[in-house]
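One structure is given below, encoded as C-alpha coordinates.
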Amino acid sequence: MFTAQAKAVCEPCNSGWMSAPEGRVKPYLLPMIKGEIVELPPEAQESLAVWTLKNALMCQVMLPQERPSLPAELFTDLYRDRQPAEEMKVFCGYMMPPQHFNGPSPLENRSTPSETRRRTPDGREYGLWATVVTIRIGYAVLQLVSAGPKGPRYELGLEYFSLYVEPLWPARETFSWPPRALKEIKEFNIFTDPLSRVKRPVPE
(Lines give C-alpha, C1' and ligand atoms only; values in the text may rest on other atoms or scores of the structure.)
Protein backbone atom coordinates (compact mmCIF):
# COMPACT_ATOMS: atom_id res chain seq x y z
CA MET A 1 0.00 0.00 0.00
CA PHE A 2 3.01 2.32 0.39
CA THR A 3 3.44 2.32 -3.40
CA ALA A 4 -0.17 1.81 -4.49
CA GLN A 5 -1.53 4.31 -6.98
CA ALA A 6 -5.13 5.31 -7.57
CA LYS A 7 -5.61 6.55 -11.14
CA ALA A 8 -8.61 8.65 -10.19
CA VAL A 9 -7.35 12.22 -10.33
CA CYS A 10 -5.97 14.39 -13.12
CA GLU A 11 -2.25 15.10 -13.47
CA PRO A 12 -2.45 18.81 -12.49
CA CYS A 13 -4.19 17.89 -9.21
CA ASN A 14 -1.98 14.87 -8.54
CA SER A 15 1.26 16.82 -8.97
CA GLY A 16 -0.12 20.09 -7.60
CA TRP A 17 -2.31 20.74 -4.60
CA MET A 18 -2.66 17.03 -3.73
CA SER A 19 1.11 16.63 -3.68
CA ALA A 20 1.73 19.63 -1.45
CA PRO A 21 0.43 18.02 1.79
CA GLU A 22 2.92 15.16 1.38
CA GLY A 23 5.85 17.58 1.48
CA ARG A 24 4.51 19.64 4.36
CA VAL A 25 3.76 16.64 6.55
CA LYS A 26 7.07 14.76 6.18
CA PRO A 27 9.05 16.57 8.93
CA TYR A 28 6.39 15.53 11.44
CA LEU A 29 4.92 12.28 10.13
CA LEU A 30 8.21 10.47 9.47
CA PRO A 31 9.40 10.73 13.12
CA MET A 32 5.92 9.67 14.27
CA ILE A 33 6.08 6.58 12.04
CA LYS A 34 9.36 5.69 13.75
CA GLY A 35 7.90 6.28 17.22
CA GLU A 36 10.13 9.27 17.95
CA ILE A 37 9.14 12.22 20.14
CA VAL A 38 8.10 15.22 18.03
CA GLU A 39 6.71 18.67 18.80
CA LEU A 40 3.57 19.53 16.84
CA PRO A 41 2.87 23.27 16.51
CA PRO A 42 -0.48 24.45 15.05
CA GLU A 43 0.82 24.43 11.45
CA ALA A 44 2.00 20.83 11.87
CA GLN A 45 -1.37 19.82 13.28
CA GLU A 46 -3.14 21.34 10.27
CA SER A 47 -0.74 19.61 7.86
CA LEU A 48 -1.34 16.24 9.52
CA ALA A 49 -5.11 16.82 9.50
CA VAL A 50 -5.13 17.68 5.78
CA TRP A 51 -2.94 14.65 5.02
CA THR A 52 -5.28 12.38 7.01
CA LEU A 53 -8.39 13.65 5.21
CA LYS A 54 -6.77 13.43 1.77
CA ASN A 55 -5.58 9.87 2.33
CA ALA A 56 -8.87 8.78 3.88
CA LEU A 57 -10.58 9.92 0.68
CA MET A 58 -7.98 8.26 -1.55
CA CYS A 59 -8.19 4.99 0.40
CA GLN A 60 -11.90 5.03 -0.38
CA VAL A 61 -11.04 5.25 -4.09
CA MET A 62 -8.42 2.49 -3.86
CA LEU A 63 -10.64 0.21 -1.76
CA PRO A 64 -14.14 0.89 -3.17
CA GLN A 65 -17.20 -0.13 -1.18
CA GLU A 66 -20.78 -0.69 -2.26
CA ARG A 67 -21.74 2.40 -0.26
CA PRO A 68 -18.95 4.99 0.15
CA SER A 69 -18.06 5.74 3.77
CA LEU A 70 -17.35 9.40 3.00
CA PRO A 71 -19.66 11.41 0.71
CA ALA A 72 -18.29 12.61 -2.62
CA GLU A 73 -18.82 16.23 -1.64
CA LEU A 74 -15.87 15.97 0.74
CA PHE A 75 -13.55 15.70 -2.28
CA THR A 76 -14.96 18.99 -3.58
CA ASP A 77 -14.71 20.64 -0.16
CA LEU A 78 -11.05 19.65 0.23
CA TYR A 79 -10.23 20.93 -3.27
CA ARG A 80 -11.91 24.26 -2.50
CA ASP A 81 -10.82 24.82 1.11
CA ARG A 82 -7.50 22.89 1.30
CA GLN A 83 -8.34 21.95 4.90
CA PRO A 84 -10.83 19.80 6.80
CA ALA A 85 -14.27 21.22 7.47
CA GLU A 86 -14.96 22.86 10.83
CA GLU A 87 -17.29 20.00 11.77
CA MET A 88 -14.56 17.38 11.33
CA LYS A 89 -12.26 16.15 14.04
CA VAL A 90 -8.83 14.61 13.52
CA PHE A 91 -6.85 12.83 16.23
CA CYS A 92 -3.40 11.30 16.50
CA GLY A 93 -2.31 8.38 18.63
CA TYR A 94 0.59 6.01 19.22
CA MET A 95 0.56 2.23 18.93
CA MET A 96 3.09 -0.56 19.08
CA PRO A 97 2.97 -2.22 15.62
CA PRO A 98 1.05 -5.54 15.96
CA GLN A 99 3.09 -8.71 15.50
CA HIS A 100 1.95 -11.13 12.79
CA PHE A 101 3.41 -14.36 11.44
CA ASN A 102 5.64 -12.49 8.98
CA GLY A 103 6.67 -9.77 11.43
CA PRO A 104 5.25 -6.40 12.53
CA SER A 105 2.34 -5.06 10.48
CA PRO A 106 3.61 -1.85 8.83
CA LEU A 107 0.25 -0.17 8.22
CA GLU A 108 -3.48 -0.51 8.45
CA ASN A 109 -6.56 1.37 7.22
CA ARG A 110 -10.02 0.99 8.74
CA SER A 111 -13.25 2.76 7.86
CA THR A 112 -16.25 2.54 10.19
CA PRO A 113 -19.46 4.16 8.90
CA SER A 114 -22.72 4.70 10.77
CA GLU A 115 -26.03 5.97 9.45
CA THR A 116 -29.45 6.63 10.96
CA ARG A 117 -32.65 8.54 10.20
CA ARG A 118 -34.48 10.97 12.46
CA ARG A 119 -37.60 13.14 12.30
CA THR A 120 -38.00 16.82 13.01
CA PRO A 121 -40.75 17.96 15.44
CA ASP A 122 -42.97 18.66 12.43
CA GLY A 123 -42.51 15.12 11.09
CA ARG A 124 -39.96 15.66 8.31
CA GLU A 125 -37.45 12.81 7.99
CA TYR A 126 -33.74 13.48 7.62
CA GLY A 127 -30.56 11.43 7.64
CA LEU A 128 -27.58 11.53 9.99
CA TRP A 129 -24.28 9.90 9.10
CA ALA A 130 -20.86 9.58 10.67
CA THR A 131 -17.67 7.86 9.57
CA VAL A 132 -14.48 7.15 11.46
CA VAL A 133 -11.40 6.48 9.32
CA THR A 134 -8.28 5.28 11.14
CA ILE A 135 -4.89 5.03 9.45
CA ARG A 136 -1.94 3.44 11.26
CA ILE A 137 1.56 3.65 9.79
CA GLY A 138 4.32 2.21 11.94
CA TYR A 139 3.80 3.73 15.39
CA ALA A 140 1.65 6.63 14.15
CA VAL A 141 -2.15 6.45 14.38
CA LEU A 142 -4.24 9.12 12.64
CA GLN A 143 -8.01 9.21 12.88
CA LEU A 144 -10.61 11.27 11.01
CA VAL A 145 -14.12 11.67 12.41
CA SER A 146 -16.59 13.15 9.94
CA ALA A 147 -20.35 13.58 10.36
CA GLY A 148 -23.23 15.17 8.53
CA PRO A 149 -25.34 16.89 7.47
CA LYS A 150 -23.21 20.02 7.36
CA GLY A 151 -23.84 22.88 9.70
CA PRO A 152 -24.39 21.43 13.20
CA ARG A 153 -21.43 20.61 15.42
CA TYR A 154 -21.29 17.01 16.60
CA GLU A 155 -20.02 15.73 19.92
CA LEU A 156 -19.21 12.08 19.33
CA GLY A 157 -18.20 11.13 22.85
CA LEU A 158 -14.51 10.30 22.35
CA GLU A 159 -13.56 11.49 25.84
CA TYR A 160 -12.87 7.89 26.91
CA PHE A 161 -9.82 7.93 24.65
CA SER A 162 -8.39 11.21 25.93
CA LEU A 163 -5.32 9.54 27.46
CA TYR A 164 -4.52 7.76 24.21
CA VAL A 165 -5.03 10.49 21.61
CA GLU A 166 -4.24 14.13 20.97
CA PRO A 167 -6.56 16.35 18.91
CA LEU A 168 -5.05 17.63 15.65
CA TRP A 169 -8.07 19.38 14.19
CA PRO A 170 -9.24 21.93 14.96
CA ALA A 171 -5.61 22.93 15.55
CA ARG A 172 -4.60 24.16 19.00
CA GLU A 173 -1.45 25.07 20.93
CA THR A 174 1.82 23.18 20.43
CA PHE A 175 1.99 19.76 22.10
CA SER A 176 4.45 16.88 22.26
CA TRP A 177 3.66 13.53 20.59
CA PRO A 178 3.27 10.62 21.50
CA PRO A 179 0.47 10.21 24.06
CA ARG A 180 -0.01 6.99 26.04
CA ALA A 181 0.44 3.95 23.79
CA LEU A 182 -2.31 1.68 22.53
CA LYS A 183 -0.54 -1.62 23.16
CA GLU A 184 -2.93 -4.36 22.11
CA ILE A 185 -5.19 -5.13 19.18
CA LYS A 186 -8.28 -5.09 21.43
CA GLU A 187 -7.47 -1.51 22.45
CA PHE A 188 -7.01 -0.53 18.82
CA ASN A 189 -10.30 -2.22 17.88
CA ILE A 190 -12.19 -0.14 20.45
CA PHE A 191 -10.45 3.04 19.34
CA THR A 192 -11.25 2.51 15.65
CA ASP A 193 -14.97 1.96 16.32
CA PRO A 194 -15.95 4.62 18.88
CA LEU A 195 -19.41 5.15 17.41
CA SER A 196 -20.63 1.72 18.51
CA ARG A 197 -18.43 1.29 21.59
CA VAL A 198 -18.54 4.78 22.99
CA LYS A 199 -19.51 3.57 26.47
CA ARG A 200 -16.62 1.12 26.67
CA PRO A 201 -13.40 2.70 27.95
CA VAL A 202 -10.03 1.61 26.60
CA PRO A 203 -8.62 -1.09 28.93
CA GLU A 204 -5.71 -0.10 31.18
Looking at [atom1] of [X] and [atom2] of [Y], how far apart are the two atoms once the value is rounded to the nearest 0.5 Å?
X	Y	atom1	atom2	value
Leu29	Ser47	CG	OG	10.5 Å
Asp77	Met88	CG	CE	7.0 Å
Leu57	Phe75	CG	CZ	4.5 Å
Arg80	Trp17	CZ	CH2	11.5 Å
Asn109	Ile137	CG	CD1	9.5 Å
Tyr139	Met95	OH	CE	11.5 Å

pair [X]-[Y]: side-chain heavy atoms closer than 4.5 Å:
X	Y	result
Val141	Phe188	yes
Thr174	Pro42	yes
Ser146	Leu70	yes
Cys92	Tyr28	no
Leu78	Leu74	no
Leu168	Leu40	yes
Val132	Lys89	no

Using every non-hydrogen atom in the two residues, find where [X] and [Y] come nearest and quote the distance to one decimal.
X	Y	result
Glu187	Ala181	OE1-O, 4.2 Å
Ser111	Thr131	OG-CG2, 3.8 Å
Leu53	Pro84	CD2-CA, 3.8 Å

Original post:
Which word best sums up how the rings of Tyr94 and Trp177 line up, parallel for under 30°, tilted for 30 to 60°, or perpendicular for over 60°?
Top reply: perpendicular
Subject >> Heavy atoms of other groups near Arg124 CZ, more than 12 under 6.0 Å >> reply: no
**OP:** Quickly, which of Arg136, Gln143, Arg110 forms a side chain to side chain donor-acceptor pair (under 3.5 Å) with Thr192? Name it, please.
**Re:** Arg110
Subject >> Working for side-chain contact (heavy atoms from CB on, under 4.5 Å), residues Arg24 and Trp51 >> reply: CA-CA 9 Å; Arg24 288 195 296 265; Trp51 184 93; over 6 Å; no
Original post:
Looking at Glu22 and Lys54, does any basic side-chain N land under 4.0 Å from a carboxylate oxygen?
Top reply: yes
Subject >> Distance-only polar pair, side chains of Trp169 and Glu46, donor-acceptor under 3.5 Å >> reply: no
Original post:
Is there a donor-acceptor pair closer than 3.5 Å between any side-chain N or O of Glu166 and the backbone N or O of Pro179?
Top reply: no
